[in-house]
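One structure is given here, and the rest of the page talks about it.
Given the structure is predicted, the values throughout are model-derived calculations rather than measurements.
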Amino acid sequence: FQPMSPLRVLCIHGYRQNGSTFREKTGAFRKLLKKQVELIFVDAPLKAPETTSASGAEGDEASRAWWFSDVQARSFNAQQQCEESLGMDESVAAVRAAVKEQGPFDGILGFSQGAALVAMLCSLQERGLEPDFRFRFAVLVAGFRSACQEHQEFYRVPLQMPSLHVFGLEDRVIPDSMSRDLLPTFEEPVVLIHPGGHFIPATAAHRETYQNFLKRFQE
């Protein structure tokens, strides 16, 4: 009996996180699925505006962004309507570099702003605009549709990419209504709704949904 090798998943962090802070926050999730997935974390290319935490440990490098909805202020708000954004090209290039240097990847997982980016990356892949992208599935946690005008092209055609959408009923950062709005972007999305807030749920109660979804991609 050959043990199945774990699926390699590229992880796209949220706004004001970075690869290593996101890795820390996914400890329970990694433990829950350690036999099934290997998570590889990447940093966003943009520096988000400074916020100092009580510990003062935020520092320059800690706070990253995938794009800014406010081009002047170089800041991001998921609910902000904007004509154009800043940083998208750099972010697609950063993911492309990660795929070339650390791939191949079976799937891609995004959280919050990262999940919104993942939906757009899936669109680029399906339209053949990024030949290096060969993701077989996407996991979107607290995802949403970008409110930016120039991003609407990503939502025109429902995507064939198998997708798992995870969101919390008590999420105050990305309300569940915003995550629900993203669902029609994908054909036959699998949905996991949890009672909590803005995080990746990783209790035994959620294990089966994750495992059943991932099983489809394990040889």
Side-chain angles (χ1 to χ4, degrees), residues 1-15 17 19 21-42 78 95 104-123 125-126 133-145 154-155 158-219:
F1 174 72
Q2 275 298 102
M4 287 185 295
S5 55
L7 296 165
R8 302 187 78 240
V9 178
L10 181 63
C11 296
I12 308 291
H13 61 74
Y15 181 59
Q17 292 181 329
T21 57
F22 187 40
R23 188 176 191 280
E24 284 162 27
K25 287 189 192 312
T26 58
F29 180 74
R30 282 185 286 127
K31 205 165 163 187
L32 190 73
L33 298 170
K34 65 173 181 281
K35 290 190 175 72
Q36 273 185 291
V37 291
E38 178 193 352
L39 303 181
I40 293 95
F41 297 82
V42 62
V95 174
F105 296 104
D106 297 291
I108 186 166
L109 174 151
F111 175 71
S112 198
Q113 189 190 37
L117 178 69
V118 164
M120 298 192 264
L121 296 173
C122 292
S123 170
Q125 175 175 320
E126 291 205 3
F133 292 0
R134 296 192 186 89
F135 302 113
R136 294 159 58 208
F137 63 88
V139 179
L140 302 96
V141 184
F144 57 91
R145 280 176 65 131
F154 295 113
Y155 308 114
L159 304 172
Q160 307 292 314
M161 174 83 71
S163 60
L164 171 61
H165 300 252
V166 183
F167 50 88
L169 296 176
E170 291 297 315
D171 195 326
R172 301 277 177 261
V173 182
I174 303 296
D176 63 296
S177 58
M178 289 179 69
S179 291
R180 290 175 203 275
D181 285 346
L182 182 63
L183 296 177
T185 304
F186 291 83
E187 301 257 351
E188 297 180 38
V190 178
V191 181
L192 169 58
I193 302 171
H194 64 95
H198 197 62
F199 58 84
I200 303 183
T203 66
H206 310 116
R207 185 188 282 126
E208 195 179 350
T209 306
Y210 290 129
Q211 287 183 338
N212 288 345
F213 178 76
L214 294 168
K215 231 176 256 169
R216 295 158 50 183
F217 310 100
Q218 284 174 307
E219 300 310 323

Could you check Phe22 against Leu109 for side chain to side chain contact (heavy atoms under 4.5 Å, CB included), going step by step and ending with a plain yes or no? CA-CA 11 Å; Phe22 187 40; Leu109 174 151; 3.8 Å; yes
Can you sort out the partners of Gln218 under side chain to side chain donor-acceptor pair (under 3.5 Å), two or more places apart, ordered by chain and number? Gln36
Separation between [atom1] of [X] and [atom2] of [Y], rounded to the nearest 0.5 Å:
X	Y	atom1	atom2	answer
Gln17	Lys25	CD	NZ	6.0 Å
Phe137	Ile108	CZ	CD1	10.0 Å
Phe167	Ser177	CZ	OG	9.5 Å

Step by step, work out the side chain to side chain contact (heavy atoms under 4.5 Å, CB included) result for Phe154 and Thr185. CA-CA 9 Å; Phe154 295 113; Thr185 304; over 6 Å; no
Solution key, residues 190-202 side-chain donor-acceptor pairs under 3.5 Å, sequence neighbours excluded:
from: His194; atom 1: ND1; to: Gly196; atom 2: N; distance (Å): 3.0
from: His194; atom 1: NE2; to: Gly168; atom 2: N; distance (Å): 3.3
from: His198; atom 1: ND1; to: Asp171; atom 2: OD1; distance (Å): 3.1
from: His198; atom 1: ND1; to: Asp171; atom 2: OD2; distance (Å): 2.7
from: His198; atom 1: NE2; to: Ser112; atom 2: OG; distance (Å): 3.1

How about Val95 and Phe133: do any of their side-chain heavy atoms sit closer than 4.5 Å? yes
Heavy-atom distance under 4.5 Å between the side chains of Thr209 and Leu164, does that happen here? yes
For [X], all residues meeting side-chain contact (heavy atoms from CB on, under 4.5 Å), sequence neighbours excluded:
X	value
Ala119	Leu140, Leu182, Phe186
Arg134	none
Glu170	Arg172
Arg23	Arg30, Phe41

Please identify each residue that fulfils salt bridge (charged side-chain N to carboxylate O under 4.0 Å, His left out) with Asp176, with sequence neighbours left out. Arg180
Can you name the residues that form a salt bridge (charged side-chain N to carboxylate O under 4.0 Å, His left out) with Glu38, not counting sequence neighbours? Arg8
Please name the pair of heavy atoms, one in [X] and one in [Y], separated by the smallest distance, quoted to 0.1 Å.
X	Y	value
Ser179	Gly143	OG-O, 2.8 Å
Leu159	Ser123	CD2-CA, 3.7 Å
Glu187	Pro158	OE2-CB, 3.7 Å
Ala138	Val118	CB-CG1, 3.9 Å
Phe144	Ala116	O-CB, 3.3 Å
Gly114	Ile12	CA-CG2, 3.5 Å

Which residue pairs pass the salt bridge (Lys or Arg N to Asp or Glu O under 4.0 Å) test when at least one of the two sits in residues 206-216, sequence neighbours left out? none
Per the salt bridge (Lys or Arg N to Asp or Glu O under 4.0 Å) rule, what does the pair list look like for residues 104-118, sequence neighbours excluded? Asp106-Arg136
Output, in order, the C-alpha distance, side-chain angles, deciding distance and verdict of side chain to side chain contact (heavy atoms under 4.5 Å, CB included) for Leu183 and His165. CA-CA 8 Å; Leu183 296 177; His165 300 252; 3.4 Å; yes
Looking only at atom types and distance, does a side-chain atom of Gln160 sit under 3.5 Å from a main-chain N or O of Glu126, one as donor and one as acceptor? no
Could you please spell out the steps behind the side chain to side chain contact (heavy atoms under 4.5 Å, CB included) verdict for Val139 and Phe213? CA-CA 10 Å; Val139 179; Phe213 178 76; 4.1 Å; yes
Sequence-distant partners of Tyr210, ring-ring contact (aromatic ring centres under 6.0 Å, His included), two or more places apart: Phe29
Excluding sequence neighbours, so at least two apart, what forms ring-ring contact (aromatic ring centres under 6.0 Å, His included) with Tyr15? Phe76
Apply the test side-chain hydrogen bond (donor to acceptor under 3.5 Å, both in side chains) to residues Thr203 and His206: give CA-CA distance (whole Å), side-chain angles for both, the deciding distance (0.1 Å), then the verdict. CA-CA 6 Å; Thr203 66; His206 310 116; 3.0 Å; yes
